[in-house]
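Lettering follows sequence order; numbering is per chain, from 1. All values below come from the heavy atoms of this structure, side chains included, with hydrogens, waters and symmetry mates left out. It should be emphasised that the depicted structure is a prediction, and the values quoted were computed from it without experimental measurement.
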There are 2 protein chains.
Amino acid sequence: MTRTSGTTVDKAYEQLRDQLVTFGFKPGSRLNESEIAQTLSMSRAPIREALNRLIADGLVSFEPGRGFFCRRLSTSEVNDLYETRFDLESGAIAAALAACDDATLESFAMTWHDRHAAADGGTLDQLVDLDEAFHLGLSALAGNASRLKYLENINYRIRFVRRINLEPGTRRVGGISEHAKLIDAIRHRDTAQAIALLRQHLQKSADEVRLQVQTALAHIYADDVA
Amino acid sequence: MTRTSGTTVDKAYEQLRDQLVTFGFKPGSRLNESEIAQTLSMSRAPIREALNRLIADGLVSFEPGRGFFCRRLSTSEVNDLYETRFDLESGAIAAALAACDDATLESFAMTWHDRHAAADGGTLDQLVDLDEAFHLGLSALAGNASRLKYLENINYRIRFVRRINLEPGTRRVGGISEHAKLIDAIRHRDTAQAIALLRQHLQKSADEVRLQVQTALAHIYADDVA
DNA sequence: GTCGTCAGAATTGTCGACAGCATAGAAGAC
DNA sequence: GTCTTCTATGCTGTCGACAATTCTGACGAC
């Protein structure tokens, strides 16, 4: 999905990330390096390196002398992440409208209008991807690398919940249709309106994710593994 | 400053961080693992681990197969960081005023009023510390862990410039006095005013830091090492 | 003079091993 | 029966070595 380089560390990174993201490890549980190394048939070194990088993504935590732990997830953390995300995205919108010329905004609006049309009726994953890409694309208009990096990081930590398809058919990606209104507000340089729409949109998304977290946690603790 | 555990990795982490933060390595230059290992008289493993953690702090970058590199610094990066910081801090203020009761705000105001009074006439480092601590304390009122984490990260990436005392006596920490007005606005729950003051304050700070970056870069490239 | 090619050197990527610490479980005191 | 102490096990922290890759500089073709 990201970079599919051939190196062993990357393999470890991707495998671990996917497993962490879908809570293949129990929240808060300790990750046994040797065990993981054996499972992925590689040495402990690349595992350790991958785990260190996953700290940055907020997917694992680390305690000196004790090792790495699968991150815990709670609805309050989801709240925090969405609140932070709103701060950054609304800032990005304000900055973008202040900095971009009309042609850029118009081109942005056209591009994403088309992409939304093309994705109509796609799978869940495709819609989630589209949603993420749209918000990142919007934020990228402001041309601020550090803000974008933090937003990507936040996405990573929320994403997994959106991907778990607990009961196929039950779920939908809410609010994709709301993007159209947001795009309009942007094109008309209506900052206040755009930010208001963003707030609504993110609130809805947050509600959805919160609900899923609860369901997911119940699920995880139901089929006790070890 | 952070955690001063006895482990080797921590030693490596701190040493490297300090060196990176003061640009003991040349911006953009490749970091030779073996060389560093020899200098710090330890093996490459802990060095590598420390470097991986420093990626998260934005102090080094990494390219597969090529190694670790000292981050580059530019005035545009400073702009980005300050803009992002404004997004987060203004969000924190809005959230804090919405969530906190009067007693909490009052206690916050008193505490920081006193601390500012106590720090009057302190050294440069002390003032920088005070400034950072105040802004973090303010943001902490909102009680959002993820936002606070990102703010701390941003501080880290800006801090070094503020610490380099190129020509003793020339510099001052601007705008500490402006905190008083900000505290007042907070106590009176005047969100708009508080955010306006914050914007001014950060703009001033950013100007100061930008200037220093240029001076620092000139300095670094002046005494060419290798 | 410039570009492409090709060894040689240097550096990163990965491994297995051992030392030291943390944890868990058994044995004993009260 | 509960708490403490001690021991044994398992795990992390660190190391040195080798394999694989990238970089450097020289040589030769055009």
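The residue among B:Arg30 and A:Ser43 whose nearest nucleotide of DNA chain C lies closer to the 5′ end is B:Arg30. If you find the closest nucleotide of DNA chain D to B:Pro46 and to A:Ser34, the one lying nearer the 5' end belongs to A:Ser34.
One can place CE of B:Met42 at 16 Å from C1' of D:dG16, the figure rounded to the nearest angstrom. For the pair A:Leu51 CG and D:dC11 P, the computed distance is 15 Å after rounding to whole Å. Look at OH on B:Tyr13: it is 15 Å from P on D:dT14, rounded to the nearest Å. Nucleotide C:dA22 holds its P atom 12 Å from the CZ atom of A:Phe62, rounded to whole Å. Following rounding to the nearest Å, B:Gln38 (CD) and D:dC15 (C1') show an atom-to-atom distance of 15 Å. When the P atom of D:dA17 is taken as reference, atom CZ of B:Arg44 falls 12 Å away, rounded to whole Å. Between the CD atom of B:Glu63 and the P atom of C:dT11 there is a distance of 16 Å, rounded to whole Å. Rounded to an integer number of Å, the gap from CD of B:Glu33 to P of D:dT14 is 16 Å.
Salt bridge B:Arg17/B:Asp57: absent, no basic N to carboxylate O contact under 4.0 Å. Remark: B:Glu49 engages B:Arg53 in a salt bridge, criterion side-chain N to carboxylate O under 4.0 Å. Residues A:Asp207 and A:Lys204 are not paired through a salt bridge, judged by the lack of any N-O separation under 4.0 Å between the basic side chain and the carboxylate.
Under a cut-off of 6.0 angstrom, the local environment of CD in A:Glu152 is crowded, with over 12 non-hydrogen atoms contributed by other residues, nucleotides or ligands.
With D:dT12, C:dT12, D:dT14 as the choices, the nucleotide that has an atom nearest any side-chain atom of B:Asn32 turns out to be C:dT12.
Among the heavy atoms of the strands, none lies under 4.0 Å from A:Phe68. Counting any heavy atom pair closer than 4.0 Å across all strands shown, B:Leu31 reaches sugar-phosphate atoms only and no base atom.
Put simply, the side chain of B:His201 reaches to within 4.5 Å of the side chain of B:His135, judged on heavy atoms.
B:Arg66 has a side-chain polar atom (N or O) that falls below the 4.0 Å cut-off from OP1 or OP2 of D:dC23.
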